[in-house]
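Everything numeric here is computed off the predicted structure, so don't read it as measured data. Chain letters run A, B, ... following the sequence lines, proteins first and then strands; every chain starts at 1.
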Amino acid sequence: MSATGEQQTKHNAPCSNQDFDFFYSGLEGQQLLAQKCGGCGKLRNPPSPMCGDCGSLDWAAVKLSGKGSIYSYMVHYHPPLPGFDTPHPVVLVELEEGIRMLGGLRPEQRDAVAIGKAVDIEYIRRNDVALFQFALTGEAR
Amino acid sequence: MSDLGGKTAIAGIGATEFSKNSGRSELQLAVEAVSAALADAGIEPREVDGLVTFTMDNNIEVEVARGIGAGDLAFFSRPHYGGGGGSGGVLHAALAVAAGVSDVCVVYRAMNERSQYRFGQPMGGALPPTSEYTGLTYHGLHGVTTAAAYIALGMRRYMHETGATELDFANLAVNSRGFAATNPAAFFYGKPITVEDHLASRMIADPFRLLDCCQESDGAVAVVVVSAERAKSLKQKPAIIRAASQSAPAGQMNLTSYYRDNIAPYDEVAFSARQLYAMARMTPADISMANIYDHFAPTILPSLEGLGFCARGEAKDFIKGGTIGIDGRLPLNTNGGQVGEAYIHGMNGIAEAVRQIRGTAVNQVKDVANIIVTSGSAVPTSGLILGAA
Ligand SMILES: [Zn+2]
């Protein structure tokens, strides 16, 4: 996959464009993707058309493990959001690959959320959009 | 460093009442506040040749100009990022005046953010897929859609790194409501709160409770910027603009700076402080008091550190023992802040600084020399140092 030209899977994510389509398309195939710079090889997130380190416009989408540890979190209480249970936990995860990724946490694990805990990815659909959430590993399910 | 510092001044301030339902249009609020600021300065509306607001305000300059009976407009601009832009508006006005592009430039902000729409509600709906919104949506799809939610993630990490607790948050909430309780213009006038009230208030976006948050507000504030020379001969004691900044340090994102080393709302404030102290040729020791932007009061902690009043992680101790009270080392948000007075995107904090320099504030601090004012953190921000002539 590259920045331009190649065919991509359709996705239903709102407010996307050529910079973000690869990411949401990847989730349709249950793949968490990030851009790997074609110039210097650095991974980056969130998506951006140019590498801020070397200036290259060339990149490829690579699959991430979805495993990491919680760097920070919040729990949303108010107001209720369509498609979400309330309260809804969200985690910022330091992935094994060395980049951070934001995602929901499995709602039943809300009370166990803590910085430093290990998580793994789960693929979900919400409001008919292919998404993902994280789940604490080694916790009661 | 720029020699802008000291060349311009705020010569007039004006405001409407702050409410949950103004009962009139945003444009009417704007022209009322702008006219009041000009009358305060003793300047005829016909002399206005510059108008500045910031994005999220919906009042176009030419309609404000038509309403107040302004002269020919030679300068108009709108710094971006909403509440991050308030002090930036004053920077733009000061630049225009110092450069001779404008002689009388009014900065205004007028919104019905409670009665006309719900400003604090989740961002969503049919947003255009531009760089303004693609990144917010990328995070918002996971349920981070309000300003409180976005900033909560940074503040949770801040708590983890510094040991700050909700009790420290409560201390800030109580300090601001204490000032608001004696300010007739404030939502919390006559309504001080206790630490227990704070801890019992409902969770909004953990770790933020209701009493950590400002409230959607209807209202307007305007300030008149002229040259420091001109200000000398006007009605009011001038508030000299010693320094003004716009500040988006490397790695800054709009509400989602989750990918830099320090994800707390700190880097942008620290950068602003470096700019301001350099332009004003001052250090924190020269600052008498501070009006620090408090969309969410707990963010004052990293701001105090970024502004250099204490070391990283020490703000929770710095604020104890009366330091930020009216007789303390650094009286803080003496109008009640935005959590206590009203959420006017920090323009009310600028107006309060002007009153303090004039000696006309309801909670007047003794011997005010210089005041540092910040605009919204966690977004590209801006700041001011205002001082007596
Ligand atoms: Zn590169």
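The contact between A:Tyr73 and chain B is made by backbone and side chain atoms together, counting heavy-atom distances below 4.5 Å. If you measure heavy-atom distances from A:Asn127 to chain B, you find no contacts under 4.5 Å at all. For A:His88, the part lying under 4.5 angstrom from a heavy atom of chain B is the side chain only. With a 4.5 angstrom heavy-atom cutoff, A:Phe132 touches chain B via backbone and side-chain atoms both. Of the two parts of A:Arg126, only the side chain, counted from C-beta on, holds a non-hydrogen atom closer than 4.5 Å to a non-hydrogen atom of chain B. In this structure, chain B has a heavy atom under 4.5 Å from the side chain of A:Pro79, while its backbone stays farther away. Proximity to chain B (any heavy atom under 4.5 Å) is shown, for A:Tyr71, by both the backbone and the side chain. Both the backbone and the side chain of A:Leu92 come within contact range of chain B, each with at least one heavy atom under 4.5 Å from a heavy atom of that chain. Proximity to chain A (any heavy atom under 4.5 Å) is shown, for B:Glu132, by neither the backbone nor the side chain.
Side-chain contact check for B:Thr137 versus A:Pro14: some heavy-atom pair is nearer than 4.5 Å. Put simply, the side chain of A:Pro46 reaches to within 4.5 Å of the side chain of B:His139, judged on heavy atoms. Side chains of A:Ile115 and B:Arg156 form a contact here, defined as non-hydrogen atoms less than 4.5 Å apart. Two residues are said to be in side-chain contact when any heavy atoms from C-beta on lie closer than 4.5 Å; A:His76 and B:Val144 fail this criterion. For the pair A:Phe20 and B:Thr134, the minimum side-chain heavy-atom distance is below 4.5 Å.
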Determine, stepwise, if the pair B:Asp206 / A:Met74 fulfils side-chain contact (heavy atoms from CB on, under 4.5 Å).
CA-CA 5 Å; B:Asp206 186 351; A:Met74 59 84 52; 5.9 Å; no
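No more than 12 heavy atoms of other residues, nucleotides or ligands shown are found within 6.0 angstrom of OH on B:Tyr133. Heavy-atom contacts from other residues, nucleotides or ligands closer than 6.0 Å to NZ of B:Lys20 number more than 12.
Between B:Tyr138 and A:Pro47, the closest heavy-atom pair is CZ-CD, 3.6 Å. When all heavy atoms of B:Pro129 and A:Ser16 are compared, the closest pair comes out as CB-O, 3.0 Å.
Of all the listed residues (A:Ser48, A:Cys15, A:Pro89), the one sharing the greatest number of non-hydrogen pairs under 4.5 Å with chain B is A:Cys15. Annotation: maximal heavy-atom pairing with chain B below 4.5 Å, among A:Leu102, A:Val91, A:Val90, occurs at A:Leu102. By number of non-hydrogen pairs under 4.5 angstrom with chain B, the leading residue of A:Gly116, A:Gly104, A:Gly103, A:Ala13 is A:Gly103.
Between the NE2 atom of A:His78 and the CE atom of B:Met203 there is a distance of 14.0 Å, given to the nearest 0.5 Å. For the atom pair OG1 (B:Thr146) and CG (A:Leu81), the distance works out to 7.5 Å, reported to the nearest 0.5 Å. Of the inter-residue distances, the one linking A:Ile70 atom CD1 with B:His160 atom NE2 reads 11.0 Å to the nearest 0.5 angstrom.
The interface of residues 253-264 of chain B with chain A, defined by heavy-atom distances below 4.5 Å, comprises B:Met253, B:Tyr258, B:Tyr259, B:Arg260, B:Asp261, B:Ile263.
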